Amino acid sequence: MNQENVRVRFAPSPTGFLHIGGARTALFNWLFARHHGGTFILRIEDTDRKRYVPEALDYLLDSLRWLSLDWDEGPEVGGDYGPYFQSERLELYHKWANWLVENNYAYRCYCTPAELAAMREEQRRRGLPPGYNRHCRYLTPAERAAKEAEGRSYVIRAKMPLEGSTTVYDLIRGEITFDNKTLDDFVLLKSDGYPTYHLANVIDDHFMGITHIMRASEWISSAPRHALLYRAFGWEMPKLAHLPLILNPSGKGKLSKRKKQAGNEEILVNVQEYRDAGFLPDAVFNFLANIGWSYDGQTEIFTREQAIARFDIKDINSTAAALPFSKMEWLNGMYIREMDLPSLTAALLPFLAKSLGRSEETLAGDERLPQLVKLVQERIKRLTDAADIIRFAYVDHLAYEAKNLVAKKLTPAASLAALQEAIRRIEALPAFTEEALEMTLRDQVAASGLKAGQLFNILRWAVTGQKVAPPLFGSMAALGRETTLRRLHEAAQRLADLVAAVPS
RNA sequence: GCCCUCAUCGUCUAGUCUGGCCUAGGACACGGGCCUUUCAAGCCCGCGACAGGGGUUCGAAUCCCCUUGAGGGCACCA
């Protein structure tokens, strides 16, 4: 095992909700840190003031906590390498940006956004590759002094080598070489005094003692820029691992925050959407761990602890993956079936409350709830599926057509007779339990020569008003003697009316 | 346009580094069956892939090259 003290970070920018791909990145970093007994750091990259969303930090922390991805250093927990908000580290960035200028690795650029836009337009029109034309790199001292005298605002750009090549080593992909000619003089420090990702990330990773950088593979192209910065500073670069992208379910394009729909299939992009859609955090964790990484190529379901024990960067895939959404549903169902009743009930409460129009307190106090939850456990994939299945227990009046009470291959009159016999038996029951109900009703089937399905279908409609419902005896038991019998009598009345209306 | 990356069932993946154990394994989905009072759950069976072409080798999914395809990047965003 790795003896070095592993320090990794997840470094989101607070611009909105936590993207499921971001969550996967966080998850892999977390697994890696936990596997090595290292440190998982949360760093907030809030250097883009235009896209900054104040509430985003709360969303981020909520989502990470929901997934139980606890961080050892960062917001709310502190640490010895803070501050963990980049907006509070501006002095550091200025210091080192200036150092780069003084040591001829960077220069001040006075080009205005308008000039740059014009330049880009020109490049586009002439079919040239986009990129800064290095205008200010070649300013004479006099020109430079003049710009300064004008008091023009400036950015600091990296002075990239014009020839040669830069090779980075990726733990997942091996060596990746870039021709330096293709690297433009990117911005390090913006005119508003905030650093760009490239500068801040290198400085912070260095001073925070980061040992491994695990980030999405969309960053591969910037890796040589970062490598060159490390070289200029004379710092050792952390080990790199670029994680495979998560694609849209269609497999076309990376999973974007905007595309919410692919055909009829819904696409859940943010972690909170998974929660709201009735997914369990453990299931989402398990699901995410299976994208780009696999436990052993055989086992689909595993605990966090098992994943931690087995996690290794070397087993991370290099191939981009589409989200297997239907597998997410299956997995969630598996987790639901594994839960104990009290946990499931607690998890279900907010969803039931919302859908059934009752308060959580009311529902929690309903003595029938445990039985109902039990009925639901084997037939839901998402927590949101439960309400419809047990809705029959929360309506005052059942709305269904009387003809549904007529069993297959039976006349209305015969159906009525069967129903009445069932009522007689149930009323005679000394104890209204699932077992007692089943025994006497199966007795009736045997004695009457009816098919089980014939009798039970009549009763299901009578008791739940639904074609599809949970198992009959359990449903009756959950409903209770009084409600069950009342509904049975109502059904008998409807059937009687039907028989009277359609004599045959 | 330029640079970079990737390429196994519809999808997620194992196998690729260290060629032979691969007539390519698992899972989801799909189809069929069993069970069964409906719906589920569970169990069983089935369908289904090494992108194509060249090499290297006694032997290639595994190594090399080319083609094709897909994706990412090319901002005073991260």
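By convention in this document, chain letters (A, B, ...) are assigned in the order of the sequence lines, proteins followed by strands, and residues within each chain are numbered from 1. Since the model is a prediction, treat every value here as computed from it, not as a measurement.
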- Query: Within less than 4.0 Å of OP1 or OP2 of C12(B), is there a side-chain N or O belonging to S294(A)?
  - Reply: no
- Note on the structure: Tightest non-hydrogen contact, residues A491(A) and A462(A), listed as CB-CB, 3.5 Å
- Message: With a cut-off of less than 4.0 Å, is there a side-chain N or O of R337(A) near OP1 or OP2 of G42(B)?
- Response: yes
- Picking from C76(B), C28(B), U37(B), the nucleotide nearest the side-chain atoms of P471(A) would be U37(B)
- Query: Just checking G292(A): base, sugar-phosphate only, or nothing, at a heavy-atom cut-off of under 4.0 Å?
  - Reply: sugar-phosphate
- Query: Phosphate oxygens OP1/OP2 of C3(B): is one of them under 4.0 Å from a side-chain N or O of S221(A)?
  - Reply: no
- Query: Hey, does C109(A) reach any base, or is it just sugar-phosphate, or nothing, if we go heavy atoms under 4.0 Å?
  - Reply: nothing
- Task: Look at K50(A) and C76(B) and indicate whether a side-chain polar atom (N or O) is within less than 4.0 Å of OP1 or OP2.
- Result: no
- Message: From CG of D170(A) over to C1' of G73(B), roughly how many Å is that when rounded to an integer?
- Response: 15 Å
- Message: What contact category does P470(A) fall into here, base, sugar-phosphate, or nothing, at under 4.0 angstrom with non-hydrogen atoms?
- Response: base
- Counting heavy atoms from C-beta on, name the nucleotide in C28(B), G73(B), A78(B) closest to the side chain of W330(A). C28(B)
- Message: Students often get this wrong, so: under 4.0 angstrom with heavy atoms, is M119(A) touching a base, only sugar-phosphate, or nothing?
- Response: nothing
- Message: If the cut-off is 4.0 Å, is R173(A) near the phosphate of C6(B), judged by side-chain N/O to OP1 or OP2?
- Response: no
- Cation-pi geometry met for R137(A) and Y107(A) (6.0 Å, 45°): no
- Among G71(B), A29(B), U5(B), the one nearest L247(A) by side-chain distance: G71(B)
- Between T166(A) and N180(A), is any side-chain donor less than 3.5 angstrom from a side-chain acceptor? yes
- Which part of the nucleic acid, if any, lies within contact of P129(A), taking any heavy atom under 4.0 Å across all strands shown: a base, the sugar-phosphate backbone alone, or nothing? base
- Message: Can you measure I380(A) atom CD1 to C39(B) atom C1' for me and round it to whole angstrom units?
- Response: 13 Å
- Message: Within the 4.0 Å heavy-atom criterion, would you say F473(A) contacts the bases, only the backbone, or no part of the nucleic acid?
- Response: base
- Report yes or no: is there a donor-acceptor pair, N or O only, under 3.5 Å between the side chain of E300(A) and the base of G26(B)? yes
- Message: Can you see if the side chain of K327(A) gets near the phosphate of G26(B) - specifically, an N or O under 4.0 Å from OP1 or OP2?
- Response: no
- Message: Within the 4.0 Å heavy-atom criterion, would you say P14(A) contacts the bases, only the backbone, or no part of the nucleic acid?
- Response: nothing
- Message: Using Watson-Crick or G-U wobble geometry with both distances under 3.5 Å, which nucleotide pairs with G46(B)?
- Response: C30(B)
- Item | Neighbour count above 12 (heavy atom, 6.0 Å) for E338(A) CD | no
- Task: State whether N317(A) places a side-chain N or O below 4.0 Å from either non-bridging phosphate oxygen (OP1 or OP2) of C6(B).
- Result: no
- Message: Under 4.0 Å, counting only non-hydrogen atoms across every strand here, what does A321(A) touch: a base, just sugar-phosphate, or nothing?
- Response: sugar-phosphate
- Task: Among A75(B), C6(B), A78(B), find the nucleotide with the atom closest to the side chain of V187(A).
- Result: A75(B)
- Query: When we call it a touch if two heavy atoms are under 4.0 Å apart, what does F178(A) touch: a base, just sugar-phosphate, or nothing?
  - Reply: sugar-phosphate
- Does a salt bridge link R310(A) with D315(A), judged by any charged N lying under 4.0 Å from a carboxylate O? no
- Does the distance from a Lys or Arg side-chain N to an Asp or Glu carboxylate O, for K181(A) and E163(A), drop under 4.0 Å? no
- Task: Please determine, for the side chain of I291(A), which listed nucleotide (A41(B), C12(B), C3(B)) has the closest atom?
- Result: C12(B)
- Message: Taking 4.0 Å as the cut-off, does a side-chain nitrogen or oxygen of R442(A) come that near to OP1 or OP2 on U37(B)?
- Response: yes
- CD of E115(A) versus P of C76(B): gap in Å, rounded? 13 Å
- What does S222(A) touch in the nucleic acid at a heavy-atom separation under 4.0 angstrom: a base, only the sugar-phosphate, or nothing? nothing
- Given C76(B), is OP1 or OP2 found less than 4.0 Å from the side-chain N or O atoms of R120(A)? yes
- From the list C12(B), G25(B), A75(B), which nucleotide is the closest neighbour of the side chain of A322(A)? C12(B)
- Message: Within the 4.0 Å heavy-atom criterion, would you say P244(A) contacts the bases, only the backbone, or no part of the nucleic acid?
- Response: nothing
- Item | D296(A) side chain to T299(A) side chain, donor-acceptor N/O pair below 3.5 angstrom | yes
- C77(B) phosphate, OP1 or OP2, under 4.0 Å from K190(A) side-chain N/O: yes
- Task: Report the distance from atom CH2 of W293(A) to atom P of G26(B), rounded to the nearest whole Å.
- Result: 20 Å
- Is any N or O donor-acceptor pair between the side chain of T182(A) and the base of C3(B) shorter than 3.5 Å? no
- With R24(A) as the cation and F28(A) as the aromatic partner, state whether NZ or CZ is under 6.0 Å from the six-membered ring centre and within 45° of the axis. yes
- Give one of base, sugar-phosphate or nothing for L245(A), where a contact means two heavy atoms less than 4.0 Å apart. sugar-phosphate
- So what does S153(A) hit on the nucleic acid, given a heavy-atom distance under 4.0 Å: a base, only sugar-phosphate, or nothing? nothing
